[in-house]
Q: 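Handing you this structure, nothing more for now.
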Amino acid sequence: MKERYDAQAIEVKWQKRWAEADIFRVTEDPEKKKYYLLEMFPYPSGNLHMGHVRNYSIGDVVARTLKMQGYNVLHPMGYDSFGLPAENAAIKHDTHPAVWTSSNIDNMNMQLKRLGFSYDWEREVQTYRPDYYRWMQWLFIEFWKRGLAYKKENPVNWCPSCQTVLANEQVVDGKCERCGTEVTKKNLSQWYLKITDYADRLLDDLDELPGWPEKVKTMQRNWIGRSEGTEVEFKIKGSDKTVTVFTTRADTLFGTSFMVLSPELPLAEELIASGGFEKECREYQEQVRRMSDIERTSLSKEKTGQFTGWYAVNPLTEKEIPIYIADYVLLGYGTGAVMGVPAHDQRDFEFATKFGLDIIPVVDPGRDDVDVNDLKAAFEAEGRMINSGKYDGMENEAAIAAIREDLEKRGIAKKTVNYKLRDWLISRQRYWGCPIPMVYCEEHGWQPVPEDQLPVLLPTDVEFTGKGESPIATSKSFQNGVCPICGKPAKREVDTMDTFLDSSWYFLRYCDPKNESEAFSKEKVDYWMNVDQYIGGIEHAILHLLYSRFFTKVLYDMGLVSCEEPFKNLLTQGMVLKDGSKMSKSLGNVVAPDEIVEKYGADTARLFILFAAPPEKELEWSDTGVDGSFRFLSRVYRLVYELAPQVASVPRTYTLETKEDKQLAFALNSAIKRVSADVTGRFNFNTAISAVMELVNTMYSYKELDDINLGLLADACDKLVLMLCPFVPHICEELWEGLGREGFASEQPWPECDESALVKDMVLAVVQVNGKLRARIDVPSGLSKEDFEAYVLASDEVKALTEGKNVVKVISVPGKLLNIVIK
RNA sequence: GCCGGGAUGGCGAAAUUGGUAGACGCAAGGGACUUAAAAUCCCUCGAUAGCGAUAUCGUACCGGUUCGAGUCCGGUUCUCGGCACCA
């Protein structure tokens, strides 16, 4: 052991020894309790950033602690390595995406190893490798066989900058999630996965996830957007056609004074052509088409619309109501047609006000502050029915069912459920992704590539223009496929899959990463799944986490896995900030992990990041805070360095003699207790570390005493090192060796708390008068309530407080507190 | 607008079940050691008054429950995040 704490030398030394001894390798072991700890795998951008370091440091502490506690811990790492940046880099540097990706992975692997994370590297998964995407393609075909994958022409989100389509989830505020360019619409034939079939289960099973943050569950609920309502069929006057609307407020049917269709609705086309307002309607449609989604959905925009010339008939009142087209009705939701009830829907109110349509109140608020006959805005809350024939006087909520049932009897209504969730568009017009393993035969339509011909490899003879169609289309041979049914030439799909598919099942491949005959063995997956703890950024709250849940449910239905939910517990870590904002190149406030490792060592970087804030919160990077963490580690190093020669060969048996002995034993065991609870229970690493800091402070004072108990001190040193090992493993290995102990600290059993050392002879109790702190006195521990009160009240200090006063009441918590109520 | 978090010293934060508010650390100030500096060690560190023991106030704001509230309840303000013309 050197005198000075040389982090770099120590870290390189122990990383080498861990690798040589291969101590983080795991296999299925039915004898041991398993624990699957997963951190979100990174995109191989080339360099780790502090967010990664935080994510993986949190995971590593938990993984290492549980390993020491005897769990069989699966703690894997890999790379989500398909995606656009590789393709852009390929265009820019005139290289192949695989070359760029592979060298980035090499570099990041080095960085991860340099940080000392306890991964089983034998299980590394890289999604761009054929041995992975082969099974991605196999899974896609399984989805297709079950009718969960289909190709359809639709207006889709198109990013003009990335030159590809985007899933709804990838459009944020009308802009491309990746590059921020405003998204436009394009009519394209694309592949979809039928996630909407799983909407109910994805929603309902959120209740089975108590270990997920409420925030994430709420976001998913909102995204799925389930709403129950009624579909009602309206006759069109002078036509044999009908319009069906969707409403959650069937109770307001009597108040319907107009109807609105989405301008893109096919039925609207037919009506426009023969309604006598064709010119006006065409102009309006054109006006709407020119608007971007952002403009169109802006709430501040005044309502617009155009009368079609047709009238619908209200099935309850037989009243004729005008039919409009207006852009506030969306094509993709419900039936694309809405009944206008201005009195009880704000949007309809605005529309009716603009076009001078009737506002008929049908729900009476029963409140003085709302005059239903002179509404300033729609009244959307509950009340009693009025102006509604035989339903008058009913609670409006009861009227919803009553009206629906009556209309059902007439065969013109039914109960329905609508979702905001849309099917998942997975085609991407890009090269660097998993090829969609389908061929198109003129006679047999879309057919999957036979299983024995998988993987469909990415062609290498392509041009990266970054424009328009998938670069794969430039390959001379790729498109030449064969129909598996008739054997005639068939055209191969040139689009690739959204990379979110790759990451929707990687956690299953980790369980069996080298399997060449299946995507994963059920036996192995059943042993490890589900993931006991998943850790990653909140930015994946919807996309990745929803898709992975969907995949797991489909695989469950296929009988490939036994769990319906992939991630039992979820921890979403906060961002790493510098000077109050997210680290970014444009702001110039990036702190590179490499620099910190070089200057202070990996242990300091890990310690600081875990100590500075609880994991869910944002973490403000502080250079002086990093100094402080380094200082603490130096202090620990010095403590053990100084004590090692004295304690190395001392037996770890002792009895507690002096008051100081007891204090040290108390500090030691309470630290063990707190660290154990904070690390694997609450995930509050900051308080765990502060508990260890207190222990170190106590040990420093103790060692200066004249009369020290070497056995106790030796034991404290051992346990201090073991407790700290999951946080800062390198320095702890060095200290463990310095203390003359055998084996790796990382492989020792977790220290256990000796509860008897936590029992004190005397404890400090506080005395309050009318709730205000007045005195602190030492009392023997373990007194009964009566004895405690008697002891405290008999003390001189307390007597002085009550002297000449009228004591009304005494409340006590034995050993802790006594409150005297005085009048 | 709807939903979900937050608000505690100069700063990051503790307070786990309603029971000593500010643990632990950073910064700052003072001191020891040193020719000097670094490193290290010791002390002070919410506000006000006081030499001091101590007293009063203090967890965004107003009110309530309670012997006792940072914690529970009602209301308000500010703030962060998500969703949003979804009928």
Side-chain angles (χ1 to χ4, degrees), chain A residues 4 172-173 213-223 225-227 229-230 245-249 252 260 262 296-301 303 326-341 344-348 350-351 380 418-422 538-539 541-542 574-575 607-608 611-614 616-629 631-632 634-635 638 674 677-678 681-682 684 686-697 700 704 764-776 808-813 816-822:
Chain A
R4 197 179 63 87
V172 179
D173 293 334
E214 212 45 56
K215 182 181 179 171
V216 174
K217 290 192 278 188
T218 306
M219 283 167 72
Q220 292 211 354
R221 283 191 191 105
N222 289 342
W223 188 261
R226 182 186 151 102
S227 88
T230 309
V245 301
F246 171 76
T247 179
T248 54
R249 293 293 303 274
T252 61
V260 190
S262 161
R296 183 169 167 176
T297 59
S298 155
L299 261 175
S300 54
K301 188 175 78 91
K303 292 281 176 291
D327 66 351
Y328 81 93
V329 175
L330 307 174
L331 176 67
Y333 187 77
T335 61
V338 173
M339 60 183 214
V341 187
H344 303 291
D345 182 284
Q346 186 57 28
R347 295 155 300 183
D348 297 346
E350 287 165 21
F351 191 83
E380 296 181 328
N418 264 301
Y419 301 92
K420 291 188 206 171
L421 184 71
R422 301 295 140 83
I538 186 80
E539 65 273 18
I542 295 173
M575 278 195 303
L607 185 74
F608 168 72
F611 179 61
E616 313 83 1
K617 282 193 83 165
E618 290 178 337
L619 183 150
E620 173 70 30
W621 188 268
S622 151
D623 292 330
T624 53
V626 178
D627 277 330
S629 291
R631 211 176 298 150
F632 171 70
S634 305
R635 203 167 137 80
R638 219 162 41 237
R674 283 167 63 192
D678 285 351
R682 302 197 306 163
N684 277 17
N686 54 334
T687 51
I689 293 165
S690 70
V692 179
M693 286 173 167
E694 285 178 58
L695 171 61
V696 170
N697 291 343
Y700 260 95
E704 295 306 318
L764 193 68
V766 298
V767 180
Q768 298 179 333
V769 174
N770 291 341
K772 288 197 176 183
L773 180 67
R774 279 296 177 269
R776 294 165 217 261
V808 181
K809 200 174 172 185
V810 169
I811 290 131
S812 69
V813 182
K816 267 191 120 169
L817 171 142
L818 185 130
N819 188 14
I820 303 163
V821 185
I822 286 176

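The sequence lines fix the lettering, A, B, ..., with proteins before strands; numbering per chain opens at 1.
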Q: At 4.0 Å (heavy atoms only), tell me whether A:Lys420 reaches a base, stays on the sugar-phosphate, or touches nothing.
A: base

Q: Measure CZ/A:Phe632 against P/B:A39 and give the value in whole Å, please.
A: 19 Å

Q: Restricting to non-hydrogen atoms, name the atom on A:Leu773 and the atom on A:Val766 that form the minimum distance, rounded to 0.1 Å.
A: CD1-CB, 3.6 Å

Q: Describe the nucleic acid contact of A:Arg638 in one word from base, sugar-phosphate, nothing, applying a heavy-atom distance below 4.0 Å.
A: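 If one applies the 4.0 Å heavy-atom cut-off, A:Arg638 turns out to touch the sugar-phosphate alone, with no base involved.
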
Q: Between B:G75 and B:A14, how far apart are the two P atoms, rounded to whole Å?
A: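 Result for the P pair: 28 Å, nearest Å.
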
Q: Glycosidic conformation of B:G68, syn or anti, with 90° from 0 as the boundary?
A: anti

Q: In whole angstrom, give the distance that lies between atom NZ of A:Lys816 and atom C1' of B:G19.
A: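 Roughly 7 Å, once rounded to whole Å.
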
Q: Expressed in whole Å, how much space separates the C1' atoms belonging to B:G18 and B:U71?
A: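 Here B:G18 and B:U71 have their C1' atoms 7 Å from each other.
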
Q: Is any side-chain heavy atom of A:Arg635 closer than 4.5 Å to a side-chain heavy atom of A:Val696?
A: yes

Q: Quick check: do A:Asn770 and A:Val821 have side-chain heavy atoms less than 4.5 Å from each other?
A: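 Side-chain contact under 4.5 Å: yes.
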
Q: Less than 3.5 Å apart, which donor and acceptor atoms pair up between the side chains of residues 328-341 of chain A and the rest of the protein, not counting sequence neighbours?
A:
unit_1	atom_1	unit_2	atom_2	d
A:Tyr328	OH	A:Asp348	OD1	2.8
A:Tyr333	OH	A:Ser227	OG	3.0
A:Thr335	OG1	A:Thr244	O	2.6
A:Thr335	OG1	A:Ala337	N	3.3
A:Thr335	OG1	A:Ala337	O	3.3

Q: Mind checking what makes salt bridge (charged side-chain N to carboxylate O under 4.0 Å, His left out) contact with A:Arg221, not counting sequence neighbours?
A: A:Asp207, A:Glu214

Q: Considering only the P atoms, how many Å lie between B:C83 and B:C57, rounded to the nearest integer?
A: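 Comparing P positions in B:C83 and B:C57 gives a spacing of 47 Å.
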
Q: Collect all protein-nucleotide pairs involving nucleotides 21-25 of chain B in which both atoms are nitrogen or oxygen and the distance is under 3.5 Å.
A:
unit_1	atom_1	unit_2	atom_2	d
B:A23	O2'	A:Glu694	OE2	3.2
B:G25	OP1	A:Asn697	ND2	3.3

Q: Expressed as a whole number of angstroms, how long is the span from A:Arg226:CZ to B:A84:C1'?
A: 20 Å

Q: Nearest heavy atom decides the nucleotide; on that basis, is A:Thr248 or A:Ser622 closer to the 5' end of RNA chain B?
A: A:Ser622

Q: Mind checking A:Pro614 for me? I need base, sugar-phosphate or nothing, with any heavy atom below 4.0 Å counting as a touch.
A: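 Touches sugar-phosphate only.
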
Q: Represent RNA chain B in dot-bracket notation, 5' to 3'. Only Watson-Crick or G-U wobble pairs with both distances under 3.5 Å count; pseudoknot-style crossings use [ ] and interstrand partners use |.
A: (((((((..(((......[....))).(((((.......))))).((((....))))..(((((..]....))))))))))))....

Q: After noting the C-alpha distance and the side-chain angles of A:Glu694 and A:Arg674, does the key distance pass the side chain to side chain contact (heavy atoms under 4.5 Å, CB included) rule?
A: CA-CA 11 Å; A:Glu694 285 178 58; A:Arg674 283 167 63 192; 3.6 Å; yes

Q: With A:Ala775, which residues qualify under side chain to side chain contact (heavy atoms under 4.5 Å, CB included), at least two apart?
A: A:Val767, A:Glu797, A:Leu801

Q: Checking A:Glu380 now: which residues fulfil salt bridge (charged side-chain N to carboxylate O under 4.0 Å, His left out) with it, not counting sequence neighbours?
A: none

Q: Just to be sure I understand the rule, does A:Arg4 reach a base, reach only the sugar-phosphate, or reach nothing, if contact means heavy atoms closer than 4.0 Å?
A: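 The answer is nothing, as A:Arg4 stays clear of every strand by at least 4.0 Å.
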
Q: Base, sugar-phosphate, or nothing: which does A:Lys217 touch, judged by heavy atoms less than 4.0 Å apart?
A: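 Counting heavy atoms under 4.0 Å across all strands, no contact is made by A:Lys217.
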
Q: Can you name the residues that form a salt bridge (charged side-chain N to carboxylate O under 4.0 Å, His left out) with A:Arg422, not counting sequence neighbours?
A: none

Q: Rounding to a whole Å, what distance do you find between A:Leu817:CG and B:A15:C1'?
A: 15 Å

Q: Taking the side chain of A:Thr247 as heavy atoms from C-beta outward, which of B:G68, B:A87, B:G12 is closest to it?
A: B:A87

Q: Think A:Thr218 has a side-chain N or O under 4.0 angstrom from the OP1 or OP2 of B:C83?
A: no

Q: Determine the Euclidean distance between corresponding C1' atoms of B:U77 and B:C61; express it in Å to zero decimal places.
A: 7 Å

Q: Could you give the distance separating B:A23 and B:G9 at their P atoms, to the nearest angstrom?
A: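 Each nucleotide's P atom is 13 Å from the other's.
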
Q: How many whole angstroms separate atom CG of A:Asn770 from atom P of B:U66?
A: 15 Å

Q: Taking atom C1' in both B:A21 and B:U59, what distance in whole Å separates the two?
A: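 About 7 Å, rounded to a whole number of Å.
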
Q: Mind checking A:Val329 for me? I need base, sugar-phosphate or nothing, with any heavy atom below 4.0 Å counting as a touch.
A: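 Base, at least one base atom sits under 4.0 Å.
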
Q: Roughly, in whole Å, what's the span from CD in A:Glu350 to C1' in B:C85?
A: 9 Å

Q: Could you pull out all residues at least two apart from A:Tyr419 that satisfy ring pair (Phe, Tyr, Trp, His ring centres under 6.0 Å)?
A: none

Q: Between atom NZ in A:Lys772 and atom C1' in B:U56, what is the gap in whole Å?
A: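 It is 8 Å, rounded to the nearest whole Å.
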
Q: Ignoring hydrogens and geometry beyond distance, is the side chain of A:Asn222 in donor-acceptor contact with the base of B:C83 at under 3.5 Å?
A: no

Q: Would you say A:Asn684's side chain and A:Asp678's backbone share a donor-acceptor pair under 3.5 angstrom?
A: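 Not a single qualifying donor-acceptor pair exists.
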
Q: Using the test ring pair (Phe, Tyr, Trp, His ring centres under 6.0 Å), find all partners of A:Phe608 that sit at least two apart in sequence or belong to another chain.
A: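 A:Phe608 satisfies ring pair (Phe, Tyr, Trp, His ring centres under 6.0 Å) with A:Trp621 once adjacent residues are dropped.
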
Q: Would you please confirm or rule out a distance under 4.0 Å between OP1 or OP2 of B:A87 and any side-chain N or O of A:Tyr333?
A: yes

Q: Going by modelled atom types, is there a donor-acceptor pair between the base of B:C3 and the side chain of A:Lys215 at under 3.5 Å?
A: no

Q: Whether A:Lys617 contacts B:A13 is assessed here as follows: a side-chain N or O lying under 4.0 Å from the phosphate OP1 or OP2. Is that the case?
A: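 True: A:Lys617 side-chain N/O within range (under 4.0 Å) of B:A13 OP1/OP2.
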
Q: Does A:Arg682 make a side-chain N or O approach to OP1 or OP2 of B:A15 shorter than 4.0 Å?
A: yes

Q: Can you tell me the distance, in whole Å, between the CZ atom of A:Phe608 and the C1' atom of B:A13?
A: 12 Å

Q: Distance between the P atoms of B:C73 and B:G6, in whole angstroms?
A: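 About 13 Å, rounded to a whole number of Å.
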
Q: Mind checking if A:Val821 touches a base, just sugar-phosphate, or nothing, with heavy atoms under 4.0 Å?
A: sugar-phosphate

Q: Using the C1' atom on both, measure B:C72 against B:C78 and round to a whole Å.
A: 23 Å

Q: For RNA chain B, whose closest nucleotide is more 5', that of A:Asp345 or that of A:Val813?
A: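 Result of the comparison: A:Val813.
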
